[in-house]
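Chain letters run A, B, ... following the sequence lines, proteins first, then strands; residues in each count from 1.
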There are 4 protein chains.
Amino acid sequence: MKGGTVTVRDTPTGWNSEPAGAEPRGRPRGRPRSEAVEQAILEGVLRLLEGGGTLSSLTVEGIAKAAGVGKATIYRRWPGKEALLLDALATLDNDPLPETGSGSVRDDLVRLIEFVRQRGVSKRESELLRLVTSEVMCHPDLSQQYHDRFIAPRREALRQVLVRGIDSGELRDDIDLELLGDLFAGPMLMRTVLHQWAALPEDLPERIVDAVLDGVRKK
Amino acid sequence: MKGGTVTVRDTPTGWNSEPAGAEPRGRPRGRPRSEAVEQAILEGVLRLLEGGGTLSSLTVEGIAKAAGVGKATIYRRWPGKEALLLDALATLDNDPLPETGSGSVRDDLVRLIEFVRQRGVSKRESELLRLVTSEVMCHPDLSQQYHDRFIAPRREALRQVLVRGIDSGELRDDIDLELLGDLFAGPMLMRTVLHQWAALPEDLPERIVDAVLDGVRKK
Amino acid sequence: MKGGTVTVRDTPTGWNSEPAGAEPRGRPRGRPRSEAVEQAILEGVLRLLEGGGTLSSLTVEGIAKAAGVGKATIYRRWPGKEALLLDALATLDNDPLPETGSGSVRDDLVRLIEFVRQRGVSKRESELLRLVTSEVMCHPDLSQQYHDRFIAPRREALRQVLVRGIDSGELRDDIDLELLGDLFAGPMLMRTVLHQWAALPEDLPERIVDAVLDGVRKK
Amino acid sequence: MKGGTVTVRDTPTGWNSEPAGAEPRGRPRGRPRSEAVEQAILEGVLRLLEGGGTLSSLTVEGIAKAAGVGKATIYRRWPGKEALLLDALATLDNDPLPETGSGSVRDDLVRLIEFVRQRGVSKRESELLRLVTSEVMCHPDLSQQYHDRFIAPRREALRQVLVRGIDSGELRDDIDLELLGDLFAGPMLMRTVLHQWAALPEDLPERIVDAVLDGVRKK
DNA sequence: CAGTAACCGAGACGGTACGTCTAGTCTTACC
DNA sequence: GGTAAGACTAGACGTACCGTCTCGGTTACTG
């Protein structure tokens, strides 16, 4: 289901795993958890989100109803709706990051930012993303999860491109990588947080990259 | 807060105002709403927030208890806790924006970003700001309010500096102002959303401004 | 207003009177209480009762609104709506009791019970009576009031007739007067409590009196 | 209570029953309602009533607290506290009616009235009975329920005795049964309504029956 | 092939908070 | 000082979810 994990029993995100140690290798006893049920729940979340509505209107009870599932079945898999949301976001977010390293650093940067822009222009994804981001801001304990699963991969891809640019002499080496990354990603985030979905024109990635690369000071 | 409104009776944020038109000028009848009660409620919110906790742990009932006030008194003034939060944020957020226009464009930009950084390093303000931002992301109806009261003034100050820079020939004139603003503000927002409060070193504003001004491309 | 009381200032039922002794005789200071207001309140109660509804739907706030009066004006006169209800009942209940003593004891008894039946067949009065009775059953402190003002006069009239009957040898003297009264009044009360308003045919008083007088044992 | 019904799932008084028709006979799904919880609620009501207090001081919230139960659990079973009161009354009121038909009509009548008197002299029962009666007087929709469950059985027992008396020639046959019943029951009701609990001496049933049977007219 | 252990839908359970309503008091300006 | 208006504290109302807990019933593996 998720990435390269092979065992059927692996809980979606590592939550709620068995006592750990009881059965070192053997298949757990009893009826195995239904893969179909899991899908139904995640799809139920997405379906409810399409109807719009705030985060507090997305109730566990409603999700259970929408998925035709008992509440306990949800709580058996996730500790709460916040964690469930993270997994729901993951089901939409499994497109591979664009290839980089083949062309110029500039093109790679544009491609990466364009990839993020794509998320933003999709109604369903942007809605969910916004909800999850909102949720994460209130729950420090989810922040790490969120960062590791959704932010880190993108930042890492960005970082690799930037490192390549520095090594090749295309980029200055007196700016720390963290800030460098923020400069490129910031404008996209800004528009997301402020509901400015419309403000994502096709040429935005190019304009961001060029402005950051060249600087905004008049030569 | 409340800008230049003069009348005593003006409700905090324009919510819940009287039918409008009934009594064009005269003082409304009945016992006037207590200014003290209003303060007590807002202070109650701030006190509860210092104790930490997520947004859902900040209940209207708790606020009423903390402020020594009936629930109805809160609902008489605000339609819900989200709107109340906006006003609570405003009570912390009434420092005047820094003066600009006296020195170089670069100095003005640094001053503006430093002003935002100050908010971030204050525990109480940053906590509240994060909660409100989170809330706003889920409630499109509050988004406008939030933008007009907290975002717009800062953006306008920023815009004026940028316009001055363009007019004086210090800044390029081929980048739209919106994007220009995002470039400077983005890194601050990024760190706020991701709980990276620690990542706000004193020299950050300078580094942001210099990087954006000069570009990150190796000369 | 009420019976033979002359002074304007006398509160309706003696509640809420001034400190008593402060100003032994002189006209009290300030604006005198408005007679009209008092009437408006009582009529408001009656109007609301016509609309039907339970006792808990008869709110002080609603009465004030219906009477075009402030709540404080009501509380200045009555300690609560229960007491107010008693006075409202009194405004309907001021017809003089029928004359007795002129004819036979049987005729007097029929006349008294017919008088009670009249109350029952009037929608408005019976509704109010039922509400008040209900209220009284829950408030022992009003029980005395209720008894003195509404029950006692009727029972006294009944008692006088019965005493006359005993003295004249028409009635047995081995039954205590209390029980004697209950025998005549019981059937009317029974139908009131059980909402059997329809079961008050015109000849009911006669039938009650004859049955009780003659006994129900077959001769 | 609940008569001869055997099934465990029967809701107390038929309120809140399932859609009726969905599952004609099978056991309803989900966790069954706890019998113990039901008892706890009813006992909570009785406990609160012993403390005295008016009907409005008997709140659903208080009952829930007293029974150690959530409010929803109460509302799941009863539509409101009025209906709950009826069931609470029923738990006290399940003594079988006295046997009749074995002896003289007079003895049967005395026995029936003595049965009612017993209710009245018990503090707890009379308190509850008074509250329920009061409540019923204000809520016509409960009147039928109340009548069917508490009044009708007693009236029917009384009616049977009276019919036997008429058939055997002991009682006059020219008085309608309804009035006949009221004559015997009226005095008891009267004392109940007027808080005259003390006025229920042991020989009252006998005196009532004899007076009604023989008539009060001097022979 | 019966036993057993965990799964499943359903929904009851004790709580908590919601947003509304009313009680009874208090505070204005006006009369 | 009476009056209408309406804000005030307090707390019950009935509803909606939370996260947990039974129920009867359903798989899969195991002995």
Nearest-angstrom distance from the residue atom [atom1] of [X] to [atom2] of [N]:
X        : N       : atom1 : atom2 : answer
Ile74(A) : dG11(E) : CD1   : P     : 15 Å
Glu35(B) : dT28(E) : CD    : P     : 13 Å
Trp78(D) : dA12(E) : CH2   : P     : 14 Å
Ile63(B) : dT16(E) : CD1   : C1'   : 15 Å

Toward the 5' end of DNA chain F, which comes first, Lys65(B) or Ser34(B), by nearest nucleotide?
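That would be Ser34(B).
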Quick one: is Thr73(C) getting a side-chain N or O under 4.0 Å of the dA4(F) phosphate, OP1 or OP2?
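So the side-chain polar atoms of Thr73(C) do come within 4.0 Å of the phosphate oxygens OP1 or OP2 of dA4(F), strictly under.
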Under 4.0 Å from OP1 or OP2 of dA5(E): is there any side-chain N or O of Arg33(A) that close?
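False: Arg33(A) side-chain N/O out of range (4.0 Å or more) of dA5(E) OP1/OP2.
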Just wondering, do Tyr75(B) and Val60(B) contact through their side chains at under 4.5 Å, heavy atoms?
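Heavy-atom side-chain distance check passes, below 4.5 Å.
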Taking the side chain as everything from C-beta on, heavy atoms only, tell me whether Arg77(C) gets closer than 4.5 Å to Val37(C).
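Yes; the side chains approach each other to less than 4.5 Å.
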Name the residue closer to the 5' end of DNA chain E, choosing between Gly80(C) and Gly68(D) according to the nucleotide with the nearest heavy atom.
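It is Gly68(D) whose nearest nucleotide is closer to the 5' end.
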Closest contact, heavy atoms only, Leu55(A) versus Leu131(A)
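Nearest pair, atom of Leu55(A) first, then Leu131(A): CD1-O, 3.6 Å.
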List the atom pairs, donor and acceptor, that lie under 3.5 Å between side-chain atoms in residues 63-73 of chain A and the rest of the protein, sequence neighbours left out.
from: Lys71(A); atom 1: NZ; to: Glu61(A); atom 2: OE2; distance (Å): 2.9

Could you measure the distance from the [atom1] atom of [X] to the [atom2] atom of [Y]? Nearest 0.5 Å is fine.
X        : Y        : atom1 : atom2 : value
Leu85(A) : Leu49(A) : CG    : CG    : 6.5 Å
Leu84(C) : Lys81(C) : CG    : NZ    : 10.0 Å
Ile41(A) : Leu46(A) : CD1   : CG    : 12.0 Å

Polar pairs (N or O, both sides) under 3.5 Å between protein and nucleotides 15-18 of chain F?
from: dC18(F); atom 1: OP1; to: Val60(A); atom 2: N; distance (Å): 3.0
from: dC18(F); atom 1: OP2; to: Val60(A); atom 2: N; distance (Å): 3.0
from: dC18(F); atom 1: OP2; to: Glu61(A); atom 2: N; distance (Å): 3.0

Run the side chain to side chain contact (heavy atoms under 4.5 Å, CB included) test against Ser56(C) and tell me which residues pass, sequence neighbours left out.
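If we apply the side chain to side chain contact (heavy atoms under 4.5 Å, CB included) test to Ser56(C), skipping adjacent residues, the hits are Thr54(C).
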Per-nucleotide protein contact along nucleotides 24-31 of chain F, 5' to 3', at a 4.0 Å heavy-atom cut-off (B base, S sugar-phosphate only, - neither), is SBBBSS--
Hey, could you give me each pair passing salt bridge (charged side-chain N to carboxylate O under 4.0 Å, His left out) that has a residue in residues 43-59 of chain C? Not counting sequence neighbours.
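Qualifying pairs, neighbours excluded: Glu50(C)-Arg124(C).
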